[in-house]
Amino acid sequence: KEIDATKRILGFGKIQSAACSLDHDRVAIVDSNHQLMVGWKQGSQWRWQTGTTELKTLSRVVMESRGKRLVCMGTTHDRKPSAEMLQIPSEPSEWVSLGTMDGVTAVASHPAKDQFIGYRMDGRLVLVDFQAKSTEILLPGFDQAVNKVSQLSICTERFEKLSTTAYHAILVAETAQGDELKFVPLEPSAVRSNIPSTILGKRVTAVAASKDEPLYAIGDEDGGVSVWFATPTIDPPPRELFALPGNRGATRQRDGITD
């Protein structure tokens with residue numbers, strides 16, 4: 001149902017996850033009650049509508065850059081991890097489900113293609129396109145098992161002299177020494193594939209990458225945010241540019257980088 005815009009803040013409760021389109025005209029929110037809400041900007045006003053999914057619980061939401069589709073992550077009625085892709089109409093109306101993806105625990109929107117990249121519980125990266133139904137395509141060369149992945153994003157690396165762009169999936173995996181940051185090239189034929197991992201030594205609760213620049217932000221369990229510069233092909237070890245104390249004492253749940 002559509003929500004009175006004057007009451008939208010009270011309706012959100014505790015926000016677990018939020019995503020927006022590249023032009024910031026559409027926003028999707030998942031709250032602590034596992035409720036999905038999408039807002040459309042119309043002039044200076046916002047219209048909000050609750051959405052329905054086949055999932056029992058919702059924990060995260062990812063929106064593609066054009067704001068036409070989104071993926072919700074959570075669990076099914078039998079408590080198994082799953083994700084569901086939804087098509088967002090140009091005006092608030094009935095939701096259109098494009099299909100579910102069992103076992104998918106993390107998803108990121110590709111910054112340049114009509115695709116999502118997903119991580120599955122069996123340690124595989126999968127490619128999800130925007131056809132009438134979501135289709136899982138195994139990315140060749142990336143079927144090796146890794147530690148449990150908690151966060152996923154996609155960073156951009158541009159080579160101006162070569163007029164090319166490389167894209168890397170950023171995986172945050174849990175290890176005994178602390179969370180590990182791993183870059184996985186999505187075009188293995190064009191860039192090096194043996195990029196070393198980085199042990200961060202702390203629990204990462206959020207990661208977000210710029211769609212245009214080789215920058216990404218990390219949120220940690222202490223509520224802090226650090227911004228990093230990474231060119232995995234040329235200079236593999238990422239460099240921390242600066243850190244923000246944020247809300248110390250409170251867990252950082254989600255990060256985002258705008259244009």
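Model, not experiment: these values are computed from the prediction.
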Problem set entry | Interatomic distance, Ile154 atom CD1 to Phe183 atom CZ [nearest 0.5 angstrom] | 12.5 Å
Problem set entry | Derivation of the side chain to side chain contact (heavy atoms under 4.5 Å, CB included) call for Val71 and Met101 | CA-CA 10 Å; Val71 172; Met101 298 162 280; 4.2 Å; yes
Problem set entry | Evaluation steps, side chain to side chain contact (heavy atoms under 4.5 Å, CB included), between Leu86 and Leu36 | CA-CA 11 Å; Leu86 300 171; Leu36 171 66; 3.7 Å; yes
Problem set entry | Spacing of Glu157 atom CD and Glu213 atom CD [to the nearest 0.5 Å] | 12.0 Å
Exercise. Under the 3.5 angstrom rule, does the side chain of Glu54 hit a backbone N or O of Thr100 as a donor-acceptor pair?
Worked result: no
Problem set entry | Which atom of Leu55 lies closest to which atom of Gly74, heavy atoms considered | CD1-N, 3.9 Å
Seminar exercise, completed: For Gly67 and Arg26 the tightest heavy-atom approach is O-NH1, 2.7 Å
For this session: Classify the side-chain pair Thr50/Gln35 by whether it contains a donor and acceptor separated by less than 3.5 Å.
Result: no
Problem set entry | Approximate separation, where rounding is to 0.5 Å, of Ile170 CD1 and Ile218 CD1 | 8.0 Å
Exercise. How far apart are the closest heavy atoms of Thr156 and Ser210, and which atoms are they?
Worked result: OG1-O, 3.8 Å
Problem set entry | Atom pair CZ (Arg239) and CG (Leu241), whose distance is rounded to the nearest 0.5 Å | 7.5 Å
Exercise. Are Asp179 and Gln151 close enough that some pair of their side-chain heavy atoms sits under 4.5 Å apart?
Worked result: no
Problem set entry | Pairwise side-chain contact, Val104 with Arg120, heavy-atom cut-off 4.5 Å (strictly under) | yes
For this session: Look at the rings of Trp228 and Tyr216 and say which category their plane angle falls in: under 30° parallel, 30 to 60° tilted, over 60° perpendicular.
Result: parallel
Problem set entry | Residue pair Trp46 / His24: nearest heavy atoms and the distance that separates them | CH2-O, 3.5 Å
Problem set entry | Nearest-0.5 Å distance, CG of residue Leu98 to CG of residue Leu70 | 9.5 Å
Exercise. CD1/Ile29 to CE/Met63 distance, rounded to the nearest 0.5 angstrom?
Worked result: 9.5 Å
Problem set entry | Trp40 and Asp25, any side-chain heavy atoms less than 4.5 Å apart | no
Exercise. Is it true that Glu180 and Lys182 have a side-chain N and a carboxylate O under 4.0 angstrom from each other?
Worked result: no
